[in-house]
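What follows is a short report on a single structure.
Only a predicted model underlies this, so the values are computations on that prediction, with no experimental measurement involved. Order of the sequence lines fixes the chain letters, A, B, ..., with proteins taken first and strands second; residue numbering starts at 1 for each chain. Side-chain atoms are counted along with the backbone in the values below, which use heavy atoms only and exclude waters and symmetry mates.
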There are 2 protein chains.
Amino acid sequence: MNVGFSAHAKQPFDKQQLFLFDNSYPMIISDFTSLCREHGLAATHQRRVIYETVMSLEGHPSPELIYDAVRKKIPSISLATVYKNVRTFLESGMLREVSMHHGSIRVEPNESEHYHLVCTRCRRIQDLDPEGVQVQALTKKRSLKGFHVTRIAVDVLGICAACAGKERATKSRRREKPC
Amino acid sequence: MNVGFSAHAKQPFDKQQLFLFDNSYPMIISDFTSLCREHGLAATHQRRVIYETVMSLEGHPSPELIYDAVRKKIPSISLATVYKNVRTFLESGMLREVSMHHGSIRVEPNESEHYHLVCTRCRRIQDLDPEGVQVQALTKKRSLKGFHVTRIAVDVLGICAACAGKERATKSRRREKPC
DNA sequence: CTATGTGCAAAATCTTTGCTTGAAA
DNA sequence: TTTCAAGCAAAGATTTTGCACATAG
């Protein structure tokens with residue numbers, strides 16, 4: 001089941017208009033409170049403002065930038081609260097990351113062409129053979145104009161077998177060290 | 001022009017065996033010293049050990065992990081030297097990152113399916129329409145076994161127009177704030 | 001009421017910087 | 001012998017944590 005915005009609902013964040021796609025027909029769910037309930041979270045004022053702020057921002061904001069924007073509406077909010085809630089939203093699936101943040105730089109010693117399998121729970125990275133997948137079509141797009149392509153990185157995101165097992169056992173949502 | 005290792009040169013890092021592919025035929029270049037010369041870097045002992053250590057490591061090591069491994073060979077090396085050289089190698093193209101590290105988490109408010117155009121110089125991220133590119137073939141690979149795929153992220157890496165312009169003007173290699 | 005979230009301050013990580021000494025070209 | 005790198009210590013940036021108080025359910 002996917003949660004998403006209608007194509008135009010984006011710009012000034014037309015608040016209570018979230019849609020829930022069920023692979024068959026869209027159904028309207030009331031508001032942020034329901035969205036939180038869907039994800040098992042308390043619908044606090046701070047959360048609502050953080051979420052709406054993120055959705056209203058252009059680009060790919062960092063926690064600091066979100067904090068700066070949220071402070072205009074709740075001057076007393078703390079950076080820790082923004083961090084905690086961004087993390088909570090990411091873990092619950094209400095928001096997602098541009099690409100998996102590993103906390104530190106990761107160097108790639110494997111010089112051969114390959115993709116990655118990245119676990120969003122434990123952040124483990126495994127190499128993946130690219131056989132039969134052609135993303136090179138991307139380098140021919142006119143929308144690239146001015147951009148000099150050097151490489152195309154493909155990350156297959158999901159839950160690794162080890163984490164899926166643990167999940168069933170513990171129901172924990174905590175971020176974990178790589179399996 | 002691509003610099004790479006032969007398929008089997010990987011395991012215990014068969015040192016002086018680097019190959020230079022010219023899109024036509026491979027030619028052998030002498031050693032680490034030549035590789036450094038190719039990239040305009042001084043071939044110091046520390047650099048050699050750091051580079052060889054990275055290439056010998058399995059997985060996708062962080063600077064800390066590289067530091068731990070290098071210290072076994074040069075106990076007096078400093079973490080700062082490892083950081084400086086990892087950065088130097090990444091910027092010169094002698095090594096590459098698993099995926100672009102942005103220093104902080106980046107949240108994706110755009111819920112529609114799209115890819116990213118990422119500048120490796122200024123790290124700016126732009127959205128890219130995925131029209132006509134099918135990476136879904138990846139979800140059918142048997143090598144995925146046990147991994148539950150939720151999303152496939154595609155990053156087109158390269159140099160944005162603004163950075164390409166600056167490069168020509170200043171020849172600077174410094175990491176810069178997004179254009 | 002009871003469980004969860006917030007705010008604050010402090011700590012833990014990760015990374016860079018300035019400067020002096022040392023090594024490479 | 002000049003230029004670039006290493007080592008060290010300190011600072012800067014990013015993220016998490018513990019705890020007292022507040023709020024949602």
Side-chain angles (χ1 to χ4, degrees), chain A residues 30-51 60-68 70-71 73-92 94 97-98 100-107 123 173-177, chain B residues 31-51 53 60-68 70-71 73-92 94 97-98 100-107 123 173-177:
Chain A
S30 60
D31 57 4
F32 180 78
T33 303
S34 306
L35 184 57
C36 282
R37 190 154 33 227
E38 292 272 329
H39 289 90
L41 301 176
T44 67
H45 177 57
Q46 287 86 340
R47 277 191 183 150
R48 180 187 306 271
V49 174
I50 292 169
Y51 185 81
H60 308 89
S62 64
E64 274 283 342
L65 200 140
I66 295 166
Y67 174 59
D68 289 342
V70 169
R71 251 194 313 184
K73 294 166 194 159
I74 312 178
S76 62
I77 202 166
S78 73
L79 180 57
T81 296
V82 172
Y83 265 100
K84 282 173 186 164
N85 283 303
V86 165
R87 179 111 117 80
T88 299
F89 290 150
L90 294 175
E91 288 173 353
S92 72
M94 276 178 63
E97 285 183 70
V98 164
M100 185 99 303
H101 182 69
H102 289 94
S104 59
I105 288 170
R106 297 308 170 91
V107 178
R123 290 157 300 156
R173 269 274 159 78
R174 303 206 60 259
R175 193 170 180 180
E176 285 168 31
K177 286 288 154 204
Chain B
D31 58 3
F32 180 78
T33 303
S34 304
L35 183 57
C36 281
R37 192 154 33 228
E38 291 273 330
H39 289 90
L41 301 176
T44 67
H45 177 56
Q46 286 86 341
R47 278 191 182 151
R48 180 186 306 272
V49 174
I50 291 169
Y51 185 80
T53 298
H60 308 88
S62 63
E64 276 283 341
L65 201 141
I66 295 166
Y67 174 59
D68 290 341
V70 169
R71 252 195 311 185
K73 293 166 195 160
I74 311 178
S76 62
I77 202 165
S78 72
L79 180 57
T81 296
V82 172
Y83 264 100
K84 281 174 187 165
N85 283 304
V86 165
R87 179 110 116 82
T88 299
F89 290 151
L90 294 175
E91 288 174 352
S92 73
M94 275 178 62
E97 284 184 70
V98 164
M100 185 99 304
H101 182 69
H102 289 93
S104 59
I105 288 170
R106 296 309 170 89
V107 178
R123 290 156 298 155
R173 268 273 159 78
R174 302 205 59 259
R175 194 169 178 180
E176 286 169 29
K177 285 289 154 204

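For dA5(D), neither phosphate oxygen OP1 nor OP2 lies less than 4.0 angstrom from any side-chain nitrogen or oxygen of Asn85(B). Within the structure, a side-chain polar atom (N or O) of Thr44(B) is placed less than 4.0 Å from OP1 or OP2 of dA6(D). Here Tyr83(A) reaches the OP1 or OP2 of dT15(D): one of its side-chain N or O atoms lies under 4.0 Å away. Residue Gln46(B) places at least one side-chain N or O closer than 4.0 Å to OP1 or OP2 of dG7(D).
Residue Ile74(B) is the one, among Ser104(B) and Ile74(B), whose nearest nucleotide of DNA chain D lies closer to the 5' end (criterion: closest heavy atom). Comparing Pro63(A) and Lys84(B) by the nucleotide of DNA chain D that holds the closest heavy atom to each, the one mapping nearer the 5' end is Lys84(B).
Atom CD1 of Ile105(B) is separated from atom C1' of dT13(C) by 13 Å (rounded to the nearest Å). Taking atom NE2 of His39(B) as the reference point, atom C1' of dA24(C) lies 19 Å away to the nearest angstrom. As rounded to whole Å, 9 Å separates atom C1' of dA13(D) from atom CD of Glu64(A). In this structure, Leu90(A) atom CG and dT15(D) atom P are separated by 11 Å, rounded to whole Å. Atom pair Arg47(B):CZ and dG7(D):P shows a separation of 12 Å (rounding to whole Å applied). We find that CD1 of Ile77(A) is positioned 14 Å from C1' of dA22(D), with the value rounded to whole Å. Atoms CG (Leu41(A)) and C1' (dT23(D)) sit 15 Å apart, rounded to a whole Å. Atom CZ in Arg106(B) sits roughly 9 Å away from atom P in dT15(D) (whole-Å rounding).
Thr88(B) comes within 4.0 angstrom of no nucleic acid atom, judged by non-hydrogen atoms across all strands. Heavy atoms of Ala80(B) sit under 4.0 angstrom from at least one base atom. Using a 4.0 Å heavy-atom criterion, one finds that Ser62(B) contacts no nucleic acid atom at all. Residue Thr81(B) is in base contact, counting any heavy-atom pair closer than 4.0 Å across all strands shown.
Here dT15(D) is the nucleotide among dT15(D), dT6(C), dG25(D) with the atom lying nearest to any side-chain atom of Leu79(A). For His101(A), whose side chain is taken as the heavy atoms from C-beta onward, the closest listed nucleotide among dT15(D), dA5(D), dG7(C) is dT15(D). Between dA5(D), dT17(C), dC8(C), one nucleotide has an atom nearer to the side chain of Arg87(B) than all others, and that is dT17(C). The nucleotide whose nearest atom lies closest to any side-chain atom of Ala43(B) is, among dA6(D), dA25(C), dG7(C), dA25(C).
Arg47(A) is listed as a side-chain neighbour of Thr88(A), based on a closest heavy-atom distance under 4.5 Å.
Between Phe32(B) and Phe89(B), the ring planes are perpendicular. Angles over 60° get that label, and only those under 30° would be called parallel.
Ile105(A) pairs in a side chain to side chain contact (heavy atoms under 4.5 Å, CB included) with only one of the listed residues (Arg87(B), Met100(B), His101(B)), which is His101(B).
The nearest pair of heavy atoms linking Gln46(A) to Ile74(A) is CA-CD1, 4.0 Å.
How far CD1 of Ile77(B) is from CG of Asn85(B): 7.5 Å, rounded to the nearest 0.5 Å.
In summary, the side chains of Thr33(A) and Arg48(A) do present a donor paired with an acceptor at a separation below 3.5 Å, with no hydrogens or angles considered.
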